[in-house]
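Chain letters run A, B, ... following the sequence lines, proteins first and then strands; every chain starts at 1.
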Amino acid sequence: MSSTNSPARVRFAPSPTGYLHIGGMRSALFNWLWARHTGGTFVLRLEDTDRNRLVEGAAEQIYASHRDLGITPDEGPEQGGQFGPYVQSERLDIYREHAEKLLESGAMYRCWCSPERLTKLREDAQKRGVAFKYDRHCLVPANRRPESEPHVLRFHIPDRPETVAWSDAVRARLEFRTEDLDDFVAMKADGYPTYQFANVVDDHLMQISHVLRADEWIPSTPKHILLYQAFGWEPPIFGHLPAVQGPTGGKKLSKRDGAQSVHEYLDEGYLPEALRSFLASLGWNDGTTQEVYTTDQLVDRFTLDRIQKSPARFDKDRLTWVNGVMLRQMPLQSLLEAAESFWPPVAAEYPTEYKTAVLGLVHERIKFLAEIPELTEFFFADPKPDPAPLTKQLDVTVAQSALERVIQALPSDWTEPALEHAIRPLAEKLDLKTGQLFGLLRIALTGRTAAPGLFETMAVLGHDVTLRRLNTALQTLR
RNA sequence: GGCCCCAUCGUCUAGAGGUCUAGGACAGCGGGUUUUCAGUCCGUCAACCGGGGUUCGAAUCCCCGUGGGGUCACCA
């Protein structure tokens, strides 16, 4: 299948009303994957026709999210392209011009109805238990008003009852009856188009071949198709993606219930590659038992027919696992680069070689980069002296003599094997269990009960620091 | 409420009539490795929403329920 697809032109069209949450990013990723898989083009278009909901800086955040996730658009507001502009508020003339055509052909009509009247209509519909449909009041010649008065442009749903159907790339045939459709507003009174209208005009003008969008758009797709027909245009292929639900399920993922921006994950040290693999698995799989994918594999195997129909829940535990797998597979050098902005402040003065050695010890245990300070802090700063944990397992005198013996036994050959050779036998001589002695030393050296292996830790810490910390521990017991 | 979509372990999913006493993975639990934690290895718990059909045979097809979700804006 992969080689038989012609290059697709796909788009992701968010509106700048806030940051992009994970569900939105998943849609963007699917579009990007399909473009890459077919050797096509990924277009980013900003749908900013609602002036009331614009959020300062949101557009920039959206651009950044794509960049940082590694799915930079081929065409868009930032990169331009031959089908621009890619911001809808800069295309007002285009919409007006096209609206004019449909006005002339009779596919659209002017409507002067007040918000109050519409609200009343809506309430009536609710009372009667039916879906709201505009009553076409302004279609009656007697109700027409001067064109100079504020009005909107409505699309005239065909009077003849018919079925509007399309073959969805994700869920086979979908159909609606025109009787159930409302004469929706295409151009608002402020001169801006609605999504329904701008979307169709732009997708056609930008030669979009596949519209892959969230399935909440299914109910408005017949309106879009009717619009294409009114223009005499060929509709694109529609593919409606299953929703991404929050961790607790139920409602669709929204920004209030734990949904987060890509940046929050990036900031926690989730790798873009891990995010891509995990996000792809939310509603798509290749049918094998493979669980983690490189992006090349994703691009190679991504096909529309393997997109899931049912909603997927966002499971952070699984993301964390994927991230851990990728972190562990990463060469130490790459990990060092990825970790750059995650070091604790105290690490600032230390040389790269030292940090590399430290990273080598936590490489196996790290799940996301933000854990680095917690995992490595004691490599850079002495633990706070505290007698309590030192004597939790052993009484003071035993702990003291153990520390003294270890200090005396420290080898001159400061290597992991030499250290182990010198210290391990001490446990038996002191009549202690290995775990008791090692536990004591671990606390003395790191201030923690959980840390990397004792001897590798000592090897990295170096002779002087090790000796100092052991002495400090001894002092606190006196 | 009208219209629409969806329905396999807690979660992500495999499954396109027989190979399903339903497979993999995450999480959970138990154990091995081991100086702790993590990792790793092994094991374990756990699902076809219900009812009717169709068929020799249904998780897979059809219908009806039920449940969940979406949508009914001069928001996208």
Side-chain angles (χ1 to χ4, degrees), chain A residues 13-17 47-50 52-53 111 113-115 118-119 122 125-133 150-154 168 170-171 174-177 179-182 184-196 198-199 213-222 240 242-243 245 247 249-252 278 281-292 305 308-322 324 328 362-367 371 375 420 423-424 427 433-443 446 448-455:
Chain A
S15 67
T17 54
E47 310 226 324
D48 60 343
T49 57
D50 184 350
N52 300 318
R53 296 205 312 158
C111 171
C113 289
S114 66
L118 262 13
T119 302
R122 219 167 273 125
Q126 186 154 24
K127 259 181 228 156
R128 287 187 297 136
V130 297
F132 169 76
K133 273 176 71 179
H151 61 277
V152 303
L153 260 34
R154 286 184 184 275
D168 197 273
V170 176
R171 40 198 102 213
L174 255 26
E175 59 175 51
F176 288 80
R177 297 290 301 171
E179 302 95 290
D180 295 324
L181 269 23
D182 167 51
F184 61 92
V185 172
M187 292 293 284
K188 309 181 218 177
D190 64 3
Y192 281 75
T194 60
Y195 168 88
Q196 313 291 161
N199 180 265
R213 61 183 11 164
D215 64 6
E216 68 201 57
W217 293 107
I218 289 177
S220 48
T221 301
H240 288 94
Q245 301 181 328
K251 296 283 186 284
K252 74 173 173 178
F278 171 72
S281 76
L282 256 31
W284 177 86
N285 73 82
D286 70 352
T288 70
T289 57
Q290 185 169 340
E291 306 287 346
V292 178
D305 60 324
Q308 209 77 0
K309 294 181 189 63
S310 47
R313 205 167 292 192
F314 183 90
D315 179 8
K316 193 173 178 181
D317 280 342
R318 203 175 160 81
L319 200 215
T320 301
W321 173 75
V322 171
R328 268 170 253 128
V362 299
H363 197 170
E364 290 286 290
R365 11 176 84 76
I366 191 166
K367 294 198 175 76
E371 289 183 310
L375 254 26
E420 176 154 13
I423 297 173
R424 185 181 285 280
K433 287 183 193 151
T434 310
Q436 291 178 304
L437 176 63
F438 287 17
L440 174 72
L441 296 176
R442 177 169 298 105
I443 301 249
T446 71
R448 324 242 164 159
T449 53
L454 191 56
F455 303 112

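- Protein atom CZ of A:Arg313 is 10 Å distant from nucleotide atom P of B:C9, rounded to whole Å.
- The phosphate of B:A25 (OP1 or OP2) has no side-chain N or O of A:Arg318 nearer than 4.0 angstrom.
- Atom name C1', nucleotides B:A25 and B:A14: the rounded distance is 11 Å, in whole Å.
- Residue A:Phe184 is out of contact with every strand shown, counting any heavy-atom pair closer than 4.0 Å.
- The residue A:Arg128 sits apart from the nucleic acid: no heavy atom pair falls under 4.0 Å.
- In this structure, the nucleotide among B:C6, B:A14, B:U40 sitting nearest to the side chain of A:Gln308 is B:A14.
- Contact annotation for A:Thr449: base contact, defined as any heavy-atom pair under 4.0 Å involving a base atom.
- A:Glu47 comes within 4.0 angstrom of sugar-phosphate atoms only, judged by non-hydrogen atoms across all strands, and of no base.
- A:Glu179 places its CD atom 16 Å from the P atom of B:G2, with the value rounded to the nearest Å.
- A:Val130 comes within contact range of at least one nucleobase, with a heavy-atom separation under 4.0 Å.
- Residue A:Pro14 is out of contact with every strand shown, counting any heavy-atom pair closer than 4.0 Å.
- When Watson-Crick and G-U wobble pairs are counted only if both distances are under 3.5 Å, B:C72 pairs with B:G1.
- Contact between the side-chain N/O atoms of A:Arg448 and the OP1/OP2 oxygens of B:U36 is not found at any separation under 4.0 Å.
- Relative orientation of the A:Phe455 and A:Phe438 rings is perpendicular, given thresholds of 30° and 60° on the angle between their planes.
- One N or O donor and one acceptor, one from the side chain of A:Arg365 and one from the base of B:C37, sit under 3.5 Å apart.
- Straight-line distance from the CD atom of A:Glu364 to the C1' atom of B:U34: 14 Å, rounded to whole Å.
- When both pairing distances are held under 3.5 Å, B:U66 makes a Watson-Crick or G-U pair with B:A7.
- Going from the P atom of B:U13 to that of B:A7 covers 11 Å, rounded to whole Å.
- For the pair A:Pro222/A:Leu181, a side-chain contact is recorded, criterion being any heavy-atom separation below 4.5 Å from C-beta on.
- The shortest distance between side-chain heavy atoms of A:Thr49 and A:Lys188 falls below 4.5 Å.
- Summarising the geometry, the separation between CG on A:Asp190 and P on B:A73 is reported as 18 Å, rounded to the nearest angstrom.
- Across the P atoms, B:U35 and B:G24 are found 33 Å apart, a figure rounded to whole Å.
- Comparing B:C6, B:U13, B:G2 against the side chain of A:Ala131 picks out B:G2 as the nearest.
- As the counterpart of B:U55, no nucleotide is assigned, since no Watson-Crick or G-U wobble pattern has both distances under 3.5 Å.
- Comparing atom distances between the A:Pro311 side chain and each of B:C6, B:U36, B:A76 picks out B:C6 as nearest.
- Only the P atoms considered, B:C45 is 16 Å distant from B:C29, to the nearest whole Å.
- Checked against B:G70, B:U11, B:U35, the side chain of A:Leu454 finds its nearest nucleotide in B:U35.
- Applying the Watson-Crick and G-U wobble criteria (two distances, each under 3.5 Å), B:G28 pairs with B:U44.
- Put simply, the side chain of A:Leu375 reaches to within 4.5 Å of the side chain of A:Ile366, judged on heavy atoms.
- Nearest nucleotide to the side chain of A:Glu216, out of B:C6, B:U71, B:U35: B:U71.
- Nearest to the side-chain atoms of A:Trp217 among the listed nucleotides B:G24, B:A73, B:A76 stands B:A76.
- Contact annotation: A:Ser220 does not reach the phosphate of B:C72 (side-chain N/O to OP1 or OP2, under 4.0 Å).
- The side chain of A:Lys367 approaches B:A38 more closely than any other nucleotide in the set B:U40, B:A38, B:U71.
- In this structure, of B:A73, B:C3, B:G24, it is B:C3 that holds the atom nearest to the side chain of A:Asp180.
- The shortest distance between the side-chain N/O atoms of A:Arg154 and the OP1/OP2 oxygens of B:C74 is below 4.0 Å.
- Here the P atom of nucleotide B:G24 and the CD atom of A:Gln290 are 17 Å apart, to the nearest Å.
- The partner of B:U60 cannot be assigned: no Watson-Crick or G-U wobble pair with both contacts below 3.5 Å exists in any strand.
- Of all nucleotides present, only B:U33 satisfies the Watson-Crick or G-U wobble test against B:G39, with each distance under 3.5 Å.
- Between the CG atom of A:Asp182 and the P atom of B:A73 there is a distance of 7 Å, given to the nearest Å.
- Between A:Tyr195 and A:Leu282, the one whose closest nucleotide on RNA chain B sits nearer the 5' end is A:Leu282.
- One finds a side-chain N or O of A:Arg328 lying less than 4.0 angstrom from the OP1 or OP2 phosphate oxygen of B:U40.
- Using atom P as the reference point in both B:G65 and B:U40, the two lie 49 Å apart (nearest Å).
- No side-chain N or O of A:His363 forms a donor-acceptor pair with one of A:Arg328 less than 3.5 Å apart.
- A 6.0 Å sphere centred on NZ of A:Lys316 holds more than 12 heavy atoms belonging to other residues, nucleotides or ligands.
- Comparing the P positions of B:A59 and B:U54 gives an interatomic distance of 16 Å, to the nearest angstrom.
- Distances from the side chain of A:Lys188 to the nucleotides B:A14, B:G24, B:C74 place B:C74 closest.
- In the set B:C5, B:A73, B:C3, the nucleotide with an atom closest to the side chain of A:Phe132 is B:A73.
- Applying the 4.0 Å criterion to OP1 and OP2 of B:A14, one finds that A:Asn285 has a side-chain N or O inside that range.
- Remark: A:Arg365 does not engage A:Glu371 in a salt bridge, criterion side-chain N to carboxylate O under 4.0 Å.
- No donor-acceptor pair under 3.5 Å is formed between the side chain of A:Lys133 and the backbone N or O of A:Ala125.
- Within 4.0 Å (heavy atoms only), A:Ala312 reaches sugar-phosphate atoms of the nucleic acid but no base atom.
- Of the residues near RNA chain B, A:Trp321 and A:Gly453, the one whose nearest nucleotide (by heavy atom distance) lies more toward the 5' end is A:Trp321.
- Taking atom CD on A:Gln245 and atom P on B:U13, their separation rounds to 10 Å, with Å as the unit.
- Residue A:Thr320 is classed as having no contact, given no heavy-atom separation below 4.0 Å to the nucleic acid.
- Between A:Met187 and A:Pro193, some side-chain heavy-atom pair lies under the 4.5 Å cut-off.
- Atom CD of A:Gln290 has more than 12 neighbouring heavy atoms from other residues, nucleotides or ligands inside a 6.0 Å radius.
- Atom C1' of B:C49 sits at a distance of 31 Å from the matching atom of B:G43, rounded to the whole Å.
- A:His363 places its NE2 atom 18 Å from the P atom of B:A38, with the value rounded to the nearest Å.
- Distance check on atom C1': B:A58 versus B:G53 gives 12 Å, rounded to whole Å.
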